[in-house]
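Computed from a predicted model, the values in this text were never measured in an experiment. Proteins come first, then strands; the chains are lettered A, B, ... in the order of their sequence lines, and each starts at number 1.
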There are 2 protein chains.
Amino acid sequence: MRFISRILSVSPKPCYLHIRYISSLSSTMASTEDSLRRSLAEKQSSIDAQAAAVRSLKSSGAPKSEIDAAVEALNALKLDKASTEKQLQDAVSGNGNANAVNRDAFRQAVVNTLERRLFYIPSFKIYRGVAGLYDYGPPGCAVKSNVLGFWRQHFVLEENMLEVDCPCVTPEIVLKASGHVDKFTDLMVKDEKTGTCYRADHLLKDFCKEKLEKDLSMSAEKAAELKHILAILDDLSAEELGTKIKEYGITAPDTKNPLSDPYPFNLMFQTSIGPSGLSPGYMRPETAQGIFVNFKDLYYYNGNKLPFAAAQIGQAFRNEISPRQGLLRVREFTLAEIEHFVDPDEKSHPKFDDVANLEFLMFPREGQTSGQSAKKIHIGEAVSKGIVNNETLGYFIGRVYLFLTYLGIDKERLRFRQHLANEMAHYAADCWDAEIECSYGWIECVGIADRSAYDLKAHSEKSGVPLVAHEKFQEPREVEKLVIAPVKKELGLAFKGAQKNVVEALEAMGEKEAMEMKAILESKGEAEFHVCTLGKSVTIKKNMVMISKERKKEHQRVFTPSVIEPSFGIGRIIYCLFEHCFYTRPSKAGDEQLNVFRFPPLVAPIKCTVFPLVQNQQYEEVAKLISKSLTAAGISHKIDITGTSIGKRYARTDELGVPFAITVDSTTSVTIRERDSKDQIRVSVEEVASVVKEVTDGQSTWADVLWRYPTRSTVVVDE
Amino acid sequence: MRFISRILSVSPKPCYLHIRYISSLSSTMASTEDSLRRSLAEKQSSIDAQAAAVRSLKSSGAPKSEIDAAVEALNALKLDKASTEKQLQDAVSGNGNANAVNRDAFRQAVVNTLERRLFYIPSFKIYRGVAGLYDYGPPGCAVKSNVLGFWRQHFVLEENMLEVDCPCVTPEIVLKASGHVDKFTDLMVKDEKTGTCYRADHLLKDFCKEKLEKDLSMSAEKAAELKHILAILDDLSAEELGTKIKEYGITAPDTKNPLSDPYPFNLMFQTSIGPSGLSPGYMRPETAQGIFVNFKDLYYYNGNKLPFAAAQIGQAFRNEISPRQGLLRVREFTLAEIEHFVDPDEKSHPKFDDVANLEFLMFPREGQTSGQSAKKIHIGEAVSKGIVNNETLGYFIGRVYLFLTYLGIDKERLRFRQHLANEMAHYAADCWDAEIECSYGWIECVGIADRSAYDLKAHSEKSGVPLVAHEKFQEPREVEKLVIAPVKKELGLAFKGAQKNVVEALEAMGEKEAMEMKAILESKGEAEFHVCTLGKSVTIKKNMVMISKERKKEHQRVFTPSVIEPSFGIGRIIYCLFEHCFYTRPSKAGDEQLNVFRFPPLVAPIKCTVFPLVQNQQYEEVAKLISKSLTAAGISHKIDITGTSIGKRYARTDELGVPFAITVDSTTSVTIRERDSKDQIRVSVEEVASVVKEVTDGQSTWADVLWRYPTRSTVVVDE
């Protein structure tokens, strides 16, 4: 449970669409039907090509694995086409859930634009791709690099965090200690005839949902039962899932063949380290473990002082059974994780006041169970009322809110949802997810958890290296301490080879148990003592152990720090950002809808474009001069000297989310046009790079410069 | 051959130490013996601890693999200690090769500092580590992030490259096409009793070297033979290596057991994609393939125009048989690769003039074979004389030179070495390595290769998707084209099932072969024709194929672009940078040697420190104010309000390579101290952040500001 929910599971909660969201969709409605028809035609031709490829593989006697892969790809294409057909049917007939149709059409429009402009594309496309693997093309890669750069600025630099960079290849023992080897699994079923694998919970979920939607003759009791299953889906054991699958007669979706019983499938990519084949390893499923195992060195680096935070950005890997939903559930992704180590007795935060007045949508546990929706709360109030466990956790929630909204995430479609008791690991003190609403519903994009001392303790135990902190007392403190001193000679004589187990068990006694034994030994001379590791009781005599309480002066306190972990799924954040920034507007002639990404300059893949108004050597030279000064100022830009109309050039770069366009329409001064307002100002050639730098660096807003420079009332350039 | 030499193999050439290098070592000589003694003591205690761990594992009946791993770690520690003992022996007795001793001692001093200050550390240390895996701790991670940031600025931004970001997990078919599945191997031998693996060439190399050094009674003929083997080591086949190993009686180094015959071991980490177990995959051994498979989309993105370059930064993985030499041969590393696609008939570069006047050490093929050493050549001259194959290759060599020297690589210890004919793949047009000299010798850090059309053709063939470019002619051109039209009906009657092979072989004929067949068919009515895929010759009759030459009008030329590939091993560059920036200088009292990294501000992990001169509330508040303004200016810094002496605080941060220290010694103005010169200037509190920004951003040099602000003639603060 914990592992999946840590980050990257799609929230199973139903999706409540916000009014604002719906309205932002309406502008794209007009082109829905057309876009779906075009998409369908494309998909049919992909299917034809793929079917031909399958036939040719078969006729050339290719190996079975290659044919199977090709057939699988064909089936995926067919499924994809079928889903589009359904959308089209709904769109044409006006049937179905209008919201769902809008949502799907909106998503289709965004994704088409993203793939066409190479924000991201399926990896290894010329080899028919691999499910769950995506490449970021040039604009997507630039957005990602900007998001990560800002993450470093906002978290690592501003909070003086210790950033580290650990390998992806991880030896088994580390992930054994963390629990991933044993517990990082999903339940899987197999088609008993073809061997195709499915996630058991997905099949049950799909069955329940479909039944609820389609079977209108169902009894109220039956419907309640199915809804209950959807609610508790994540808590079902393999046996329970298997029973339900049998009871409902669920079969393999593609073949209708019977299914195997559910069994756990470990989601880590396994490999082998070194040539011997004897050292199993895995591709890390998260970056956090690299920080935990380095705690001792990092604590020392920080001058043996708490609190401090370590951070890491890097790739993580999960061998999903059935990747879905584009960038949201993938097999390899970038995580950015912070592990903030803190004294468990002192979780206040010196900079909490900086965020205390922020107000945003929060969805506390109580609200969720009593059926309310998320509401706006001051984070200061949430901490003082105990809704959020402590100041440090609250501080990070506030910082995450600022981070996401600076990036361009719509604050009305961002909420912080507290984990329910059954979602949280037993050791966690509190856990909140930053969820962003997109066309797939509310998506968990950042997890912010107070994980107590769990991880450090697990690695201390497995490695034998104490991962602890020390608090030196100003004055030594007198404390009463239990002293248990086994007399090894006597124990050796009595228990021979089992001596070690008995000694360890004696030393592990708690205060109460030890003092009881002391009393019994003193009154009766011997005591029965259960030794777990031997699986039996032994008789301890008075001369075998000395138990006493001593007053001791202590100079320091030794403890395992708590860790508060904000963990960011970068790909998910970026995908949601794409959706939140996307809109369409009619072209000047009104004959088509143009796509725009309203990225803030901070994340825009290219900050500005340089267009000579007409093809003319003088203008081109000015454009090249401006390009040089932009490069010197470190501003990513694109120069376009094609003869295409300015309107078309604007439209092309609006679709990439370029915030500013410089049009060279004279040799002394030029026009700067802002993407969303289409406002234009006149700036001299000498000044233009510094003006663009000012507005893209965030030193000034567009409104600031609009006020300082003459605006262009009559738009000379055609748009 | 090609795969290993592509990047990251340590050059097998002997190391010629430069005069300058030797002199830079002398300052560290004094502390050599001490440092080695300390190091030895530390190593002995590690051995004791590890021996205890082994005993406890054995007595607790731990699994054999765990015990083996622990024993292996113990052996590694012992070997390590032995090597240090030898160094100490040499240092004390003054025996041995003085250069080698200096070199090892210098390295030891650098590496000790790097590990102690967490620039990098062995990964998973608390679990006794994994050979060939390292973590970058906070300062190392910051250096790496600065190096990558500058790489993006210098290459991607300035050259308008298309940056992409592809997954590490790669399906088998991609690496089958690239040749890695079949050829990316090292030859390995196994200890026949224990199963321990060794690299066959390493064993033979070590044997020859040791024999040459130790066996002074060896005949001149025998010595020449061993030297010859060292020279051709990389070209030996498995059989030849095996023969030599047998002939010389080489046994397993640790046990003296006999060795198996050499056999190839694939260096890729293998894994399985998806739950079925039927889709083998690998962790990519380089990032380039992700770019090649996307050529079609990237070409389209670039407006179907050549030339253009794509770039990628990312992790790559090689499951080395025996990782060595710290950061230089590791199992996971960061590569930054550029694939510049260009018309094979037009490899001039519009910006070549920008670099043509650069002069640096070059080591052309002829110089190497005729026993000369590298010499300074203008890159312009190298291209015009044909030493470097073409302008584009020359342009990148120049840009790489600028990149490395801006980072702080010593230009006297950087050379560009041309690959010898036997090092280059058959398809490569030319290939140069940027080699940096460090204590391990000359290390290949950047490979700059003109790989012709090889990669795109390989993926075109395997995927069936043409990865080609088009050149539209202004006017259609008339060309004579060979037309081969097999008559399938006749061929089918004659060859039945083998028809396909015959058709393919006919269509694959070159012009000469086809015209010869045409002549024979016309004169004799039939011709013998060898079909490779059938392994035999068949008789082709006149009615089975039509061969003709037709004049056609062509509107465009279709061709596979050449690719010029600069490929950067980031970890290697960083390690060499560490060595080049490291020096020691005596403390003020002269009682100890202090370590300094003279990183340029561009790469320094932290740009400045803020120290209140004494512990005093007023000064601390000023320090915090300055810290805030530094954060706002985006300058990474560290504030140290401990009461430690200023001299100690300077020394601590000199060892991290922090270029500037701000000492708060009044409430209105402060002292800025430069790390290497120890110059100090007085600047007002309001100005200090902007002055530091100016010198760290590279807008001004330290000399500039030294001239503008009053210097501190009497150094108030103790140093």
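Nearest heavy-atom pair across B/Tyr301 and A/Arg117 is CE1-O, 3.5 Å. For the pair A/Met188 and B/Pro275, the tightest heavy-atom approach, listed with the atom from each and the gap, is SD-CB, 3.3 Å. The two atoms that bring B/Gly274 and A/Phe265 nearest to each other are O-CZ, 4.1 Å, heavy atoms only. Contact record, B/Ile273 with A/Asn319: C-OD1, 3.8 Å, taken as the closest heavy-atom pair.
With a 4.5 Å cut-off on non-hydrogen atoms, B/Ser145 touches chain A through its side chain but not through its backbone. Of the atoms belonging to B/Met161, not a single heavy atom falls under 4.5 Å from chain A. Contact of B/Leu656 with chain A is made through the side chain alone, with heavy-atom distances under 4.5 Å. Residue contact with chain B, scored on non-hydrogen atoms closer than 4.5 Å, involves the side chain of A/Arg152 exclusively. Heavy-atom distances place no part of B/Asn266 under 4.5 Å from chain A, backbone and side chain included. Heavy atoms closer than 4.5 Å to chain A are found nowhere in B/Ile639, neither backbone nor side chain. Residue B/Leu467 touches chain A through its side chain alone, counting heavy-atom pairs closer than 4.5 Å.
In this structure, CG in B/Leu157 is found 10.5 Å from CD1 in A/Ile606, a value given to the nearest 0.5 Å. The line from CD1 of B/Ile173 to OG of A/Ser65 is 9.5 Å long, rounded to the nearest 0.5 Å. Expressed to the nearest 0.5 Å, how far CD of B/Glu115 lies from CG of A/Asp297 amounts to 9.5 Å. In this structure, OH in A/Tyr120 is found 15.5 Å from SG in B/Cys166, a value given to the nearest 0.5 Å.
With chain A as partner, the option from B/Gln153, B/Lys462, B/Arg116 having the largest number of non-hydrogen pairs under 4.5 angstrom is B/Lys462. Looking only at heavy-atom pairs under 4.5 Å with chain B, the residue among A/Lys296, A/Lys144, A/Lys500 that has the most is A/Lys144. Counting heavy-atom pairs under 4.5 Å between each of B/His459, B/Glu172, B/Glu66 and chain A puts B/His459 at the top. Most heavy-atom pairs under 4.5 Å with chain B: of the set A/Leu118, A/Thr631, A/Leu278, this distinction falls to A/Leu118. Interface remark: of the candidates A/Pro139, A/Ser460, A/Ala632, A/Pro139 forms the most heavy-atom pairs closer than 4.5 Å to chain B. Contact tally against chain B (heavy-atom pairs below 4.5 Å) for A/Cys168, A/Ser636, A/Cys197: the top residue is A/Cys168. Here A/Pro138 is the residue among A/Ala311, A/Pro138, A/Ser279, A/Cys141 with the most heavy-atom pairs under 4.5 Å with chain B. For the options A/Phe317, A/Tyr282, A/Tyr300, A/Phe269, heavy-atom pairs under 4.5 Å to chain B are most numerous at A/Phe269. Ranking B/Ala310, B/Gly303, B/Pro171 against chain A, the residue ahead of the rest is B/Pro171, based on heavy-atom pairs under 4.5 Å. Heavy-atom pairs under 4.5 Å with chain A peak, among B/Arg128, B/Lys190, B/Gln315, B/Arg331, at B/Arg331. Comparing B/Gln312, B/Gln270, B/Lys638 by how many heavy-atom pairs each has under 4.5 Å with chain A, the most go to B/Gln270. The candidate with the highest count of non-hydrogen atom pairs below 4.5 Å against chain A, out of B/Thr271, B/Val130, B/Val465, is B/Thr271.
No donor-acceptor distance shorter than 3.5 angstrom exists from the side chain of B/Asp165 to the backbone of A/Tyr136, with no hydrogens or angles considered. Looking only at distances, a side-chain donor or acceptor of A/Glu332 sits under 3.5 Å from a matching main-chain atom of B/Val169.
Contact of the A/Asp135 side chain with the B/Val164 side chain is not registered, since no non-hydrogen atoms from C-beta on lie closer than 4.5 Å. Taking the side chain as every heavy atom from C-beta outward, B/Ser276 and A/Thr196 never approach each other to under 4.5 Å.
Residue B/Glu72 places its CD atom among 12 or fewer non-hydrogen atoms of other residues, nucleotides or ligands, all under 6.0 Å distant. For A/Lys351, the NZ atom is densely surrounded, since the number of other residues' heavy atoms within 6.0 Å is greater than 12.
In this structure, B/Lys125 fails the cation-pi test against A/Phe295, since its NZ or CZ atom is not both closer than 6.0 Å to the six-membered ring centre and inside 45 degrees of the ring normal.
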